[in-house]
Amino acid sequence: MTEIKLVFDEPVQRKKAPKHLADFSPEERRALAVENGLPAFRANQVATHYFTHLSNDPETWTDIPADMRSKVAEIFTPKLIELVTTRTTDNGMTRKDLWKLHDGVLVESVLMRYTDRVTVCISSQAGCGMNCPFCATGQAGLTRNLTAGEITEQIVAAARACVNGELPGGEARLSNIVFMGMGEPLANYNAVVRTLRNITAPNPDGLGISARSVTVSTVGLVNGIEKLMDEGINCTLAVSLHTPDDELRDSLVPINSRFKVREVLAAADAYEKKTGRRYSIEYALIRDINDQSWRADLLGRLLKSRNAHVNLIPLNPTPGSKWTASRREDEAEFVRILESYGVPVTVRDTRGREIDGACGQLAAAEKSK
Ligand code: SAH
């Protein structure tokens, strides 16, 4: 098989983001303390403040001598992301945050409160190199990979907003994390895996959130899926399939010219066997493009003996796109056909559409007022 890199070259060489404790493993964090003339346990103290208490105010780190706090914070928790704007909808239950990174690059994350959970949808790259024609993020191409620190900061900020009671309904706990914001997570493999460890490691080394509540969504980078299943993390995998036939998928998801439907499903099956996790198939329903009953039939046949769940996403509008969501009756027929094969299927809600915060709408531009 042709070798495909898991970290794609960035188009422009930039000044690197400052290093943050979230970029390192717990052992490396302790080594970093020692390199800076500090006892190793300072790293554990800062990790406790960061991951357990979600604190970004060194003045409250009272187990660290007052005259050392700002130096310790500079070494371990430099500011990586700055909130530019917040837009809300659904009576405040959905909130899209626009973040500016150290080099002025913009990314977005979306926080959603449901009756039984709070989910944050985070970005792993600024822009995206996968170029799917129906997705707003893909249209501007890839700006750069985010570091593990920059990805983790979006999650910690969301967790902090929850405990601070910033969402209506009062104090909450961040329960779910989905890598479904800007970017292709498996094209920024190392930073994403470091982030997954930050999420799942128990306090104080990480946030202690169960891997089953974490979903990595991919266009289907087979080598990335194969590598991820060996990490021992066992998060949920979602594959953006969008059509069961290679002919159409070559244009809807251009990386299909490298990894065909059969190979992608085989990799997802292997992931499921190794991790015990049922995977999701994401399928944006596009009117008269991929919503015909014969395609539902083909998808049903492909999935009927697999441990997969189909998530249908009514196409969200994106600027300049000529495509639109399927008719209600076509959507219903698509669901009916899949169910006739015994394939579990749900239709995803369109949360955040009004604020361009729904699937495929994240483009991270500062709106002119
Ligand atoms: N690159 C990863 C992560 C993005 S996840 C991936 O493709 O899986 C965002 C999900 O929303 C993907 O399934 C993507 O295909 C889907 N999506 C993109 N544009 C969309 C749109 N306009 N309407 C509905 N879903 C869309």
Side-chain angles (χ1 to χ4, degrees), residues 6 8 96 107-110 112 119-143 145-146 151 154 176-189 191-192 195 214-222 224-225 228 235-243 248-249 251-256 259 264 267-268 271 279-287 289-291 308-326 331 334 346-364:
L6 289 176
F8 283 55
K96 181 171 84 165
V107 295
E108 291 176 325
S109 62
V110 184
M112 291 160 282
T119 299
V120 69
C121 175
I122 52 161
S123 295
S124 57
Q125 300 181 309
C128 185
M130 297 297 126
N131 205 23
C132 304
F134 54 91
C135 176
T137 309
Q139 300 321 299
L142 176 65
T143 303
N145 282 326
L146 302 196
I151 307 170
Q154 296 168 57
N176 294 68
I177 295 151
V178 297
F179 286 73
M180 295 187 184
M182 301 169 73
E184 166 50 43
L186 297 184
N188 184 14
Y189 188 85
V192 165
T195 305
V214 180
T215 301
V216 171
S217 178
T218 177
V219 287
L221 300 187
V222 165
I225 298 171
L228 188 63
C235 56
T236 301
L237 180 73
V239 174
S240 294
L241 197 69
H242 303 308
T243 187
L248 177 59
R249 196 167 191 269
S251 60
L252 287 185
V253 184
I255 198 75
N256 198 67
F259 300 116
V264 174
Y271 187 93
Y279 58 93
S280 306
I281 295 292
E282 292 169 279
Y283 199 114
L285 278 174
I286 313 175
R287 184 180 297 189
I289 300 288
N290 65 353
D291 63 354
H309 163 269
V310 176
N311 224 316
L312 297 174
I313 319 173
L315 188 81
N316 292 305
T318 57
S321 171
K322 50 189 185 302
W323 290 329
T324 183
S326 299
E331 179 185 297
F334 209 92
T346 45
V347 179
R348 186 177 291 170
D349 66 8
T350 53
R351 275 268 187 146
R353 244 191 206 185
E354 307 75 14
I355 54 170
D356 292 337
C359 300
Q361 293 186 309
L362 302 186

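These numbers were taken from a predicted model, which means no experiment stands behind them. Just follow the structure's listing: the first ligand is 1, and inside any ligand the first atom is 1.
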Can you figure out which of Cys128, Gly183, Pro314 has its heavy atom closest to atom 3 (C) of ligand 1?
-> Gly183

What residue and atom, counting heavy atoms only, is the protein's closest point to atom 19 (N) of ligand 1, and at what distance?
-> Gly360 CA, 3.0 Å

One should read off an interatomic distance between Gln125 CD and Thr137 OG1, to the nearest 0.5 angstrom, of 10.0 Å

Please identify which atoms of ligand 1 are closer than 4.0 Å to at least one heavy atom of Asn316.
-> 21 (C), 22 (N), 23 (N), 24 (C)

Taking atom SG of Cys135 and atom CG of Asn316, what is their separation to the nearest 0.5 Å?
-> 10.0 Å

So, does Pro317 sit close enough to ligand 1 that a heavy atom of it is under 4.0 Å from the ligand?
-> no

What is the closest protein heavy atom to atom 9 (C) of ligand 1, and at what distance does it sit?
-> Met180 O, 3.6 Å

Identify the closest protein heavy atom to atom 6 (C) of ligand 1: which residue and atom is it, and at what distance?
-> Ser240 OG, 3.3 Å

Could you find the nearest protein heavy atom to atom 15 (O) of ligand 1 and give me its residue, atom name and distance?
-> His242 NE2, 2.6 Å

When you measure from the side chain of Glu282 to the backbone N and O of Ile313, does any donor-acceptor pair fall under 3.5 Å?
-> no

Counting heavy atoms under 4.0 Å, the part of Leu315 that contacts ligand 1 is both

Side chains of Leu315 and Ile289: does their closest heavy-atom pair fall under 4.5 Å?
-> no

Quick one: sort the Phe134 and His242 rings into parallel, tilted or perpendicular, breaks at 30° and 60°.
-> perpendicular

Do any N/O atoms on Phe179 end up under 3.5 angstrom from N/O atoms on ligand 1?
-> no

Nearest-contact summary for atom 4 (C) of ligand 1 - protein heavy atom, Å = Gly181 O, 3.8 Å

Would you check whether Ala284 has a nitrogen or oxygen atom less than 3.5 angstrom from a nitrogen or oxygen atom of ligand 1?
-> no

Main-chain N/O of Glu331 paired with Asp291 side-chain donor or acceptor, under 3.5 Å | no

Looking only at protein heavy atoms, which one is nearest to atom 25 (N) of ligand 1, and how far off is it?
-> Cys359 CB, 3.4 Å

Could you tell me which atoms of ligand 1, counted from 1 in the order shown, lie closer than 4.0 angstrom to a heavy atom of Thr218?
-> 6 (C), 8 (O)

Of the protein's non-hydrogen atoms, which lies at the shortest distance from atom 10 (C) of ligand 1, and what is that distance?
-> Glu282 OE2, 3.9 Å

Glu184 (side chain) donor-acceptor with Val219 (main chain) under 3.5 angstrom = yes

With Phe179 as partner, the option from Thr215, Thr195, Thr218, Asn188 fulfilling side chain to side chain contact (heavy atoms under 4.5 Å, CB included) is Thr195

Gln139 (side chain) donor-acceptor with Cys132 (main chain) under 3.5 angstrom | yes

Note: ligand 1 atoms sitting under 4.0 Å from heavy atoms of Thr318 are 22 (N)

What's the shortest heavy-atom distance between Val253 and Ser240, and which atoms?
-> CG2-O, 4.2 Å

Heavy atom of Ala325, distance to ligand 1 below 4.0 Å = no

